[in-house]
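For reference, the structure discussed in these notes is given below.
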Protein chains: 2
Amino acid sequence: MQNSEAMALSAALLAVAGELTQRINDGVVARGFEGMRPAHGFAFARLAPNGATVTDLAAHLGVTKQAASQLVDEIVRKGYAERRPHPDDARARLVVLTGRGWACTRAAEEAAADAVRAWVDVLGEGEVRAMLGQLARIAPCGPIRPTW
Amino acid sequence: MQNSEAMALSAALLAVAGELTQRINDGVVARGFEGMRPAHGFAFARLAPNGATVTDLAAHLGVTKQAASQLVDEIVRKGYAERRPHPDDARARLVVLTGRGWACTRAAEEAAADAVRAWVDVLGEGEVRAMLGQLARIAPCGPIRPTW
DNA sequence: CGAAATGGTCAAGCAGGTTGACCATAGCTT
DNA sequence: AAGCTATGGTCAACCTGCTTGACCATTTCG
């Protein structure tokens with residue numbers, strides 16, 4: 001495979017990823033969750049199952065724990081999450097989503113589904129599902145790094 | 001297609017895009033082009049063919065022209081580009097890549113090819129090429145927005 | 001028990017972006 | 001040709017998100 005093809009693939013992938021991010025965020029905001037940024041969505045993805053500590057979150061986002069702590073301050077102040085004492089470790093604090101945080105997460109899922117539906121209209125459901133399979137096999141396990 | 005599938009697809013796509021960005025940038029730096037950030041790569045992609053004005057670049061990157069001008073200052077200072085008078089418009093200045101700028105662009109292509117090769121090892125060339133075709137059909141035409 | 005490691009926060013600084021103001025040149029309308 | 005408006009570009013001030021560095025509380029291990 002030629003360098004130019006690799007570059008074309010990279011450009012297309014990054015363009016699609018950028019637009020997807022934009023669409024999800026726009027969709028979330030349009031559903032009434034103002035002041036949300038894409039980084040919040042990545043945080044929610046980590047918090048959603050069972051909550052997480054600030055340090056966990058920092059590792060997941062690929063930033064310092066101070067930055068993660070600031071981000072938690074923000075989503076707590078806006079009512080999307082709260083800090084609870086950690087059941088097993090008196091040093092740590094477990095950050096969990098509030099009801100509003102869950103609602104926002106569902107809004108993000110809906111927005112993502114809308115964006116994907118647009119792809120299904122162009123490619124058909126089979127190809128989109130195939131793409132999911134392919135991407136899942138090459139997706140890294142490490143931290144989600146929105147670093148660009 | 002369910003919301004959860006759409007979310008999984010989105011997460012995989014963003015994870016792959018994030019890692020690709022990281023790998024390309026690391027590869028560029030490893031090839032001797034220090035101090036480069038992913039945003040520079042997006043700028044080079046626009047400058048490469050025939051140069052561009054600061055305003056063009058700003059539209060392409062989705063930032064203000066002041067921000068684009070600062071970025072041009074930086075790549076000029078580092079020797080990757082230069083500002084030349086615009087042939088048709090005395091107000092405008094055409095930003096073009098220098099030899100070093102072209103070398104950096106080629107390094108980025110090589111790094112991208114390395115990253116794609118890793119995918120070919122997992123998926124096979126056919127599926128990677130199929131992915132290119134699919135992505136090309138859903139890629140937006142608007143500005144590349146690394147906004148997240 | 002005491003030393004080192006870990007979870008978390010506070011404070012200061014930096015980097016990259018934004019808004020606002022401004023100048024020079026183009027282009028259009030008379 | 002004259003004048004108004006639009007466009008390309010830069011300078012300056014500010015804002016936001018993240019980093020580094022210092023520090024305290026608690027846990028873990030020798």
Side-chain angles (χ1 to χ4, degrees), chain A residues 18 21-22 25 29 34-44 46-47 50-78 80-96 143-148, chain B residues 18 21-22 25 29 34-44 46-47 50-78 80-96 143-148:
Chain A
T21 303
Q22 189 77 27
N25 200 64
V29 172
E34 294 180 20
M36 298 307 281
R37 284 172 292 119
H40 296 132
F42 290 100
F44 281 29
R46 180 70 184 79
L47 297 178
N50 292 307
T53 65
V54 165
T55 300
D56 288 341
L57 201 54
H60 182 250
L61 297 176
V63 298
T64 61
K65 54 185 183 174
Q66 291 92 324
S69 187
Q70 282 184 359
L71 194 143
V72 170
D73 283 344
E74 189 181 346
I75 62 179
V76 166
R77 179 163 29 85
K78 291 180 176 170
Y80 295 105
E82 57 187 12
R83 294 185 216 250
R84 313 198 61 194
H86 195 287
D88 302 335
D89 188 336
R91 295 170 303 178
R93 308 170 70 174
L94 196 61
V95 181
V96 297
I144 304 275
R145 320 182 110 262
T147 319
W148 71 18
Chain B
T21 303
Q22 189 78 27
N25 200 63
V29 172
E34 295 178 21
M36 298 306 281
R37 285 172 290 120
H40 296 132
F42 290 99
F44 281 31
R46 181 67 184 81
L47 296 177
N50 292 307
T53 66
V54 165
T55 299
D56 287 341
L57 201 53
H60 181 250
L61 297 177
V63 299
T64 61
K65 53 186 183 174
Q66 291 92 324
S69 187
Q70 282 183 358
L71 194 143
V72 169
D73 283 343
E74 187 181 348
I75 63 179
V76 166
R77 179 163 29 83
K78 292 181 176 169
Y80 296 104
E82 57 186 14
R83 294 186 216 249
R84 313 197 60 193
H86 195 288
D88 302 335
D89 189 335
R91 296 169 303 178
R93 307 171 72 176
L94 196 61
V95 181
V96 296
I144 305 274
R145 320 184 111 261
T147 317
W148 73 20

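This one's a predicted model, so the numbers in the text were calculated from it and none came from an experiment. Per chain, numbering begins at 1; letters A, B, ... match sequence-line order.
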Polar atom pairs between nucleotides 11-18 of chain D and protein, under 3.5 Å, N or O only, would you list them?
unit_1: D/dG17; atom_1: OP1; unit_2: A/Arg37; atom_2: NE; d: 3.2

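The side-chain heavy atoms of B/Val96 and B/Leu47, taken from C-beta on, include no pair separated by under 4.5 Å. Taking the side chain as every heavy atom from C-beta outward, A/Phe44 and A/Met36 approach each other to under 4.5 Å.
Using a 4.0 Å cutoff on non-hydrogen atoms, the parts of residues 85-94 of chain B near DNA chain D are B/Arg91, B/Ala92, B/Arg93, ordered by number.
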Show every donor-acceptor pair shorter than 3.5 Å between a side-chain atom in residues 84-92 of chain A and any protein atom, with sequence neighbours excluded, or say none if there are none.
unit_1: A/His86; atom_1: ND1; unit_2: A/Asp88; atom_2: N; d: 3.0
unit_1: A/His86; atom_1: ND1; unit_2: A/Asp89; atom_2: N; d: 3.4
unit_1: A/Asp89; atom_1: OD1; unit_2: A/Arg91; atom_2: N; d: 2.9
unit_1: A/Asp89; atom_1: OD1; unit_2: A/Arg91; atom_2: NE; d: 3.2
unit_1: A/Asp89; atom_1: OD2; unit_2: A/Arg91; atom_2: NE; d: 3.4
unit_1: A/Asp89; atom_1: OD2; unit_2: A/Arg91; atom_2: NH2; d: 2.9

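In this structure, B/His40 NE2 and B/Tyr80 OH are separated by 9.0 Å, a value rounded to the nearest 0.5 Å. Here CG of A/Leu71 is found 13.5 Å from CD of A/Gln66. Values are rounded to the nearest 0.5 Å. Rounding to the nearest 0.5 angstrom, the gap separating the CD1 atom in B/Ile75 from the CZ atom in B/Arg83 is 8.5 Å.
In the helix from C/dC1-D/dG30 to C/dT30-D/dA1, the rotation axis of the first five pairs and that of the last five pairs differ in direction by 30°, rounded to 10 degrees.
Counting only residues at least two apart or in different chains, salt bridge (Lys or Arg N to Asp or Glu O under 4.0 Å) contacts with residues 61-71 of chain B are absent.
The nearest pair of heavy atoms linking A/Pro38 to A/Asn25 is N-OD1, 3.4 Å.
For B/Lys78, the side chain to side chain donor-acceptor pair (under 3.5 Å) partners two or more places apart in sequence, or in a different chain, are B/Glu74. For B/Arg46, the side-chain contact (heavy atoms from CB on, under 4.5 Å) partners at least two apart in sequence or on another chain are B/Ala52, B/Asp56, B/Leu57, B/His60.
Chain A approaches DNA chain C over the interval C/dA5 to C/dC10, counting the first and last nucleotide 5' to 3' with an atom under 4.0 Å from its heavy atoms.
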